[in-house]
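Structure first, then comments.
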Amino acid sequence: MTNIQWTEQTWNPTTGCDRISDGCLNCYALSMAKRLKGMGQAKYQNDGDPRTSGPGFALTTHPDVLTEPLRWSKPRKVFVNSMSDLFHARVPREFLARVFAVMAATPQHTYQILTKRPERAARILTDLCQCGVGHPPGEHFRASMEWAATSHSPTYVPGLEHGIYHRSSWPLPNVWIGTSIESADYVRRADALRDTPAAVRFISAEPLLGPMPNLDLSDIDWLIIGGESGPGARPLRIDWIEDLLVNAAETGAAPFVKQLGSVWARDCTINGKTVAAHGDTKGGNPDYWPAHLRVREYPKAAAHG
């Protein structure tokens with residue numbers, strides 16, 4: 001299980017990553033990987049480049065983890081790769097096809113994929129035909145998914161049954177794909193997300209590091225907003241959230257305010273004590289927030305092809 005407010009379960013078929021933008025500066029997963037390596041956790045023994053990653057945080061695939069969702073009978077929302085980025089350049093296309101095959105084989109679950117690399121997501125999932133036959137976008141990737149469900153295939157995922165291609169529509173109706181946008185400098189990621197086939201497209205504006213007046217939310221179904229938490233957290237201004245909520249209302253994106261961040265929790269006083277002193281060090285309890293920020297909505301599936 002997980003304490004992340006907008007999901008119910010995490011699943012990490014890959015671990016590790018590399019910092020690529022300002023929002024990565026205080027990466028919680030990087031710090032956690034270092035601790036897990038020290039504890040002897042097998043998944044976190046490969047060290048990443050110290051310039052962009054760290055101890056226990058090299059990009060690593062875990063084929064043995066692929067079958068985990070097959071054992072979950074109760075439907076749930078699943079955050080895919082809370083400890084990595086599924087569309088990192090070093091995740092092989094074949095491994096991505098195996099991950100998507102598992103998601104196709106478990107339609108009872110809703111999968112939430114969050115990436116800072118939406119350009120690669122768009123390129124792989126659109127997968128424009130280059131064989132000369134003129135297959136529709138995504139056809140070759142779907143064939144690779146089927147291969148992962150074929151028992152004599154070298155990429156076979158144990159437990160999958162042949163026929164995923166014919167049983168599943170495209171994009172997969174139970175897979176949401178989102179991108180992280182922390183400031184106005186990275187709003188271009190929303191354009192790449194719009195090029196990505198997904199049942200639901202979402203943006204995570206966390207950690208929100210500045211105003212984003214130029215964020216285009218057209219064809220975006222869900223907007224998560226959150227301040228930074230933990231050591232070295234940077235401040236968040238309430239008017240940045242208010243502007244995003246107006247943007248979401250005007251474009252139809254469902255808003256989900258996750259937390260106001262550690263700096264706000266230290267600075268805001270309720271009944272003579274800071275919010276942090278009340279025990280909410282991340283500013284994640286809506287009871288302490290201004291009433292107009294207490295918004296936690298979920299999207300309706302839109303199936304963007």
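Source: prediction; values computed, not measured.
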Problem - S262 and R266: side chain donor to acceptor below 3.5 Å - result: no

Practice task
Could you walk me through whether L223 and L245 pass side-chain contact (heavy atoms from CB on, under 4.5 Å), step by step?
Solution key: CA-CA 9 Å; L223 175 65; L245 291 177; over 6 Å; no

Practice task
Under the side-chain contact (heavy atoms from CB on, under 4.5 Å) rule, what do L215 and I181 come out as? Steps first, then yes or no, please.
Solution key: CA-CA 9 Å; L215 177 61; I181 301 178; 3.9 Å; yes

Problem - R189 versus S21, side-chain donor and acceptor atoms under 3.5 Å - result: yes

Exercise for the section: Identify whether the distance between the nearest side-chain nitrogen and carboxylate oxygen of D127 and R142 falls below 4.0 Å. Expected result: no

Handout entry: E94 versus T155, side-chain donor and acceptor atoms under 3.5 Å
Key = no

Problem - T106 and Y111: side chain donor to acceptor below 3.5 Å - result: yes

Fill in the blank from the handout: d(T61 OG1, R98 CZ) to nearest 0.5 Å is 8.5 Å

Exercise for the section: Compute the ring centroids of W6 and F79, then answer whether they are less than 6.0 Å apart. Expected result: yes

Problem - For L30, the rest of its hydrophobic cluster, which grows through side-chain links under 4.5 angstrom - result: F57

Problem - Flag if over 12 foreign heavy atoms under 6.0 Å of CG, N3 - result: no

Practice task
Evaluate the side chain to side chain donor-acceptor pair (under 3.5 Å) criterion for residues N81 and T14: first the C-alpha distance (whole Å), next the side-chain angles of each, then the deciding distance (0.1 Å), finally the verdict.
Solution key: CA-CA 6 Å; N81 274 9; T14 76; 2.6 Å; yes

Problem - Enclosure of K43 NZ (heavy-atom neighbours >12, cutoff 6.0 Å) - result: yes

Handout entry: Pairs meeting criterion side chain to side chain donor-acceptor pair (under 3.5 Å) with involvement of residues 267-293, two or more places apart
Key = E242-H292

Fill in the blank from the handout: The ring-ring contact (aromatic ring centres under 6.0 Å, His included) partners of H88 (sequence neighbours excluded) come to none

Exercise for the section: Indicate the ring-plane relationship of W147 and H152, choosing parallel, tilted or perpendicular according to the 30° and 60° boundaries. Expected result: perpendicular

Practice task
For T126 and D195, test the side chains for any donor-to-acceptor distance below 3.5 angstrom and give the result as yes or no.
Solution key: no

